[in-house]
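Okay, so here's the structure we're looking at.
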Amino acid sequence: MAQLSIHNPATGALIQTLSADTDASVAAKATSARQAQSAWAQTSLAHRVEIVAKFRAAVVSELETLAATLTAEVGKPISQSRNELNGLLPRLDFFMAQAQAACAPHTVFNEGGMREDIACEPLGVVANISAWNYPWFVGCNVIVPALLMGNSVLYKPSEYAALTGQHIVRLLHTAGVPAHVLQLLIGGGEVGSALLNQRIDGLFFTGSHATGTRIAQTLASRLVKVQLELGGKDPSYVRADADPKTAAESLTDGAMYNTGQSCCSVERIYVHASIHDEFVKHFLATVSAFKMGDPLEAGTYIGAITREPQLAVLQAQVADALAKGATLHCGGKRRAGPGHWFEPTVFTGVNHTMELMREESFGPIIGIQKVSNDEEAVQLMNDTRYGLTAGVYTRDESAARSVLSRVHAGSVYWNCCDRVSPRLPWSGYGDSGIGLTLSTEGIRTFTRPKAWHLRQP
Ligand code: NAD
């Protein structure tokens, strides 16, 4: 049987070896998930909500253990692992509170003995192939509403967050989800690929653009519903009227939190020329105070780079920016020693010929570019194949609205960044993906609407 070895990216140490799924075990799990789905769908929504409430309580009571596992396998600073788990709770509350409204049948016409109703049915068997950077968020954004809507779920966590995946499934099973209704698949791309060969009714993916498009191509001829939550190259613009210190402090966090490994990390900053130097001064002062080191230490802000190959991407972006004339203010290199580490890196004097300003970095590295007006900022913000989030810092709300209404992005921010709300849809333009999670729409997406035409005899 194939094995999956889990290493701590902060130290390189082997944490655990798991038995990986095979083509045969994936097929068996898919079959039993299908057999179990209709009985699950016939349970009451109140029963399913009660199970999610028990799951929530278990997350609270095991929070320290769950945070330690997350930090060990992805290298996330422990305070940020706790933040992710605490941040999960309002999402679960939202799903529980909105599930009824999201799927309630409703009458849209009733005249002359003819009634028309819309009712939601579960999709059936939902597959979730997930990423490692926020495994509790991206996993539960799919698993929890899919279960609430009466689907069975085949969940393949990232091979870099498999222990967290085990915890999620264990806690949901203990809370009352039947074993065959939610099944865990352990392994890397080959197990994800085996999952695509099964009879599934929806594929919900979070990960890179390259993998997402491959999955969409594989499933296209079978007309399976596909949702893809992919990468970003998220811009933020600091207008001349913004406070440079406040904006710099907010944007350092937006760029470097989770060691820059967030789909909605700030990856490009445009600053009006009149406040550029002041902004950069505050930005560098904030970055220099960030503590990089043992992710288990309370004050650590910059953790490890989870995937070793990403170090080469970051090094290549640095080399390309330097070769094209950018100014490096700090960082720019790996930290020596065991594990995968990259120093917080800040460039100015950048432009859009540089990879740093065009391709997702997914690390603690940022380019700051001078602009002379709103038009130039909007043009540069839209000069990307991605469109996940975008922000603007200004005292002028109408100017912010004018800029943000012209920016191609699924989520837009005024005087904030790197923020996700369970109440709002999470989606992207262009290569950032198709479909959405969160909001009531992100619950309903795990159902199919059925049209009822009802004539009284
Ligand atoms: P990835 O594409 O390398 O892997 C994602 C998942 O796909 C993993 O579970 C992996 O095992 C699986 N996989 C790999 N090859 C496969 C194949 N051929 N068939 C089926 N499954 C396969 O991405 P990652 O490194 O886990 O995640 C990082 C990316 O995810 C970044 O681009 C980030 O921006 C993006 N992301 C997006 C969001 C969002 O909400 N838009 C959230 C988190 C992460």
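Counting starts at 1 for both ligands and their atoms, in listed order. Since the structure is predicted, the reported quantities are computational estimates derived from the model, not experimental observations.
Heavy-atom contacts of Ser158 reach the following atoms of ligand 1: 9 (O) (cutoff under 4.0 Å). Each of the atoms 11 (O) of ligand 1 lies under 4.0 Å from some heavy atom of Gly188.
For atom 8 (C) of ligand 1, the closest heavy atom belonging to the protein is Ser130 O, 3.3 Å. With respect to atom 43 (C) of ligand 1, the closest heavy atom belonging to the protein is Asn133 OD1, 3.2 Å. With respect to atom 18 (N) of ligand 1, the closest heavy atom belonging to the protein is Arg214 NH1, 3.5 Å. For atom 37 (C) of ligand 1, the nearest protein heavy atom (residue, atom name, distance) is Leu230 O, 3.0 Å. With hydrogens left out, the protein atom closest to atom 12 (C) of ligand 1 is Ile129 CG2, 3.6 Å, a heavy atom. Remark: minimum distance from atom 40 (O) of ligand 1 to any protein heavy atom is reached at Trp426 NE1, 2.8 Å. Of the protein's non-hydrogen atoms, Glu360 OE1, 3.5 Å is the one closest to atom 31 (C) of ligand 1.
Residues passing the ring pair (Phe, Tyr, Trp, His ring centres under 6.0 Å) test with Tyr257: none are found, sequence neighbours excluded.
Using a 4.0 Å cut-off between a side-chain N of Lys or Arg and a carboxylate O of Asp or Glu, Lys29 and Asp21 qualify as a salt bridge. Under 4.0 Å is where a charged nitrogen must lie from a carboxylate oxygen, and between Glu343 and Lys333 at least one such pair does. Here Glu359 pairs with Arg385 in a salt bridge; the nearest charged N to carboxylate O distance falls below 4.0 Å.
In terms of polar-atom proximity, Trp132 is counted as a contact of ligand 1, with an N or O under 3.5 Å from an N or O of the ligand. Between Thr211 and ligand 1, a contact under 3.5 Å exists for at least one N or O pair. Residue Ser262 places no N or O, backbone or side chain, under 3.5 Å from any N or O of ligand 1. When only interatomic distances are considered, the shortest N/O to N/O separation between Ser432 and ligand 1 does not fall below 3.5 Å.
Counting heavy atoms closer than 4.0 Å to ligand 1, residue Val191 contributes nothing at all.
Judged purely by distance below 3.5 Å, without hydrogens or angles, the side chains of Tyr160 and Asn133 never pair a donor atom with an acceptor atom.
None of Met357, Lys233, His352 except one satisfies the side chain to side chain contact (heavy atoms under 4.5 Å, CB included) rule with Asp383; the exception is His352.
Cation-pi geometry between Lys76 and Tyr134 is met: under 6.0 angstrom from the ring centre, within 45 degrees of the axis.
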